[in-house]
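Here's the structure we're looking at; comments come further down.
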Amino acid sequence: MIDSSLKDIAAALRAGRVSAVELATDSLARIEAGNGRINAFVTTCRDSALQAAAEADARIAAGTAGPLTGIPLAHKDVFCTEGVLTTCGSKMLTNFVSPYDAHVVTLLKQAGAVMVGKTNMDEFAMGSSNENSHFGPTRNPWNPDCVPGGSSGGSAAAVAARMVPIATGTDTGGSVRQPASFCGVTGIKPTYGTVSRYGMIAYASSLDQGGAFARSAEDCALLLSAMAGHDPRDSTSLEREAENYGRDLSKPLAGLRIGLPKEFFADGMADDVRAAVDAALAEYRRLGATTVEVSLPNARLAIPAYYVIAPAEASSNLSRFDGVRYGHRAAAYTDLNDMYCKSRAQGFGAEVQRRILVGTYVLSHGYYDAYYIKAQKLRRLIANDFAAAFQQCDVIAGPTAPTTAYALGAKTDDPVQMYLGDIYTVAVNLAGLPGLSHPAGFGAGGLPVGLQLIGNYFDEARLLGVAHQFQQATDWHARAPRT
Ligand code: GLN
């Protein structure tokens, strides 16, 4: 049953063909069977899940259930969950039990979704491969010798391995879209400000945005509709009415103009990714869309701008982890300053320390104008490029990542190579736009390829509708890895 669409699961729950307790039990059994191999979960919550499932069954019986009531769900371990370990993939927070729920967690509880566990991730969401987790790397369900992508790799792998039908993630520079691509699932990151960041442990606040993973765009629409909405506790949360992101699912593609940025189709894309993306675009044309070439002339500046701005914000955000009120504290130290230094040196992994050092450097006196201010100017140019491109098209399409999933360890010695894997995703966050990745075929070694759709501000419903039309005509999203 977990392998069915959310619509079918909800219908089965209503008809009494399955109970929420049975679904939660099945999900937990699948996690238990597969997690040794995939390492998608840091924590599972059997007792609270079964309790929540029993409550969901009561709601279903009372006729007050919504579309997510009784559906097993996993949260990325970046979201604070009351009474449940919240590690953010870090040694710094190995002992942190959050005293409150993130806004997204509250909303999904209210919707009746059943949290079965918390998923593995790159430490503080910094990474593109999930190899930066204190809890060891998550493995790709399509090939356990390969990475699942990052930083929300645990959530993507959990959905791909059919442990849960839906999971949350966060995307600062691609962390929903890129693991969705590597794991062959659908993932959406909405317009900045759509999903509350309250209780979502901060990496780079002007870029961070919660997002949704599911097998299909239709299921992503249901999850995102429950996650979004104004929250006064997040000062960047947009004051907009709640939306039904599934409203355009049945809209035909005839007349849709898909922009293809010539910079995305230049050198750098692997041959197998190109072949799958080209075939998917041909399918879109067959379904009635037209493709037009557009240009994002400053796209090549997105990686340098992002890798100045994100570490700058991270260096500030992570200053709160000092070992005083919560988190790891060094066992032995000489004075207060030594306690801060030792706790942070022990609690943060290498990549997090690298980002803090880079961020502190680019914000320091004498370098601030040369790096940080310059990067902010590039950010504006990148956003302007998208605005110009959307004069000529309705959505933008291209690859999500330049390659399919690579072998564990292949890029860990070379951070710059790792950063370059974010080439197609980071510009979207710099501009604050919505982006989606959906399965578009398979490359060498039978590994999934993702197609990225980028929308104008607040065009989530359109992106999901476009992807849904593609998924009605293809079955890439329905393929499952052998377990
Ligand atoms: N790979 C990018 C980084 O390491 C993006 C991560 C993310 O979106 N959280 O910063």
Side-chain angles (χ1 to χ4, degrees), residues 75-79 88-90 119-133 137-138 147-156 167-183 187-190 192 195 197 200-213 302-318 348-359 362 375 379 400-403 405-406 411-412 414-437 450 452 454:
H75 281 302
K76 183 178 183 181
D77 212 11
V78 71
F79 288 102
C88 218
S90 183
T119 58
N120 202 354
M121 57 181 283
D122 282 304
E123 184 177 5
F124 287 102
M126 297 174 189
S128 313
S129 68
N130 230 281
E131 294 168 290
N132 297 335
S133 169
T138 298
V147 302
S151 65
S152 317
S155 287
T168 58
T170 56
D171 191 310
T172 304
S175 281
V176 166
R177 290 159 288 154
Q178 188 255 21
S181 172
F182 280 13
C183 290
I188 183 164
K189 164 231 156 346
Y192 182 79
V195 170
R197 292 184 295 104
M200 196 177 103
I201 295 172
Y203 162 16
S205 309
S206 77
L207 301 159
D208 294 343
Q209 188 54 203
F213 288 100
I303 293 267
Y306 174 86
Y307 279 99
V308 168
I309 294 170
E313 295 186 20
S315 71
S316 167
N317 275 326
L318 272 62
F348 291 138
E351 183 61 26
V352 172
Q353 295 193 18
R354 184 178 299 122
R355 307 267 179 127
I356 292 172
L357 289 174
V358 169
V362 301
R379 184 174 191 174
T400 305
T403 65
Y406 39 84
K411 298 193 185 185
T412 38
D414 188 347
V416 174
Q417 276 311 310
M418 189 73 93
Y419 300 166
L420 287 172
D422 301 336
I423 183 87
Y424 304 124
T425 49
V426 291
V428 171
N429 302 74
L430 289 169
L433 293 165
L436 174 155
S437 178
Q452 181 176 213
I454 302 167

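When a ligand or atom number is given, it counts from 1 through the structure's own listing order. Everything quoted here is computed from the prediction, not taken from an experiment.
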Derivation and outcome, side-chain contact (heavy atoms from CB on, under 4.5 Å), residues Y406 and T403: CA-CA 8 Å; Y406 39 84; T403 65; 3.9 Å; yes
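- By the side-chain hydrogen bond (donor to acceptor under 3.5 Å, both in side chains) test, Y307 pairs with D422, sequence neighbours left out.
- S129 and K411 share no side-chain donor-acceptor pair at under 3.5 Å.
- A donor-acceptor contact under 3.5 angstrom links the side chains of T138 and N130, judged on distance only.
- Residues forming a ring-ring contact (aromatic ring centres under 6.0 Å, His included) with F348 (at least two apart in sequence, or on another chain): F124.
- For ligand 1, the protein residues placed under 4.0 Å by at least one non-hydrogen atom are A125, M126, G127, S128, S151, D171, T172, G173, G174, S175, Y203, Y306, Y307, R355, D422.
- Residues passing the salt bridge (charged side-chain N to carboxylate O under 4.0 Å, His left out) test with E351 are R354, R355, sequence neighbours excluded.
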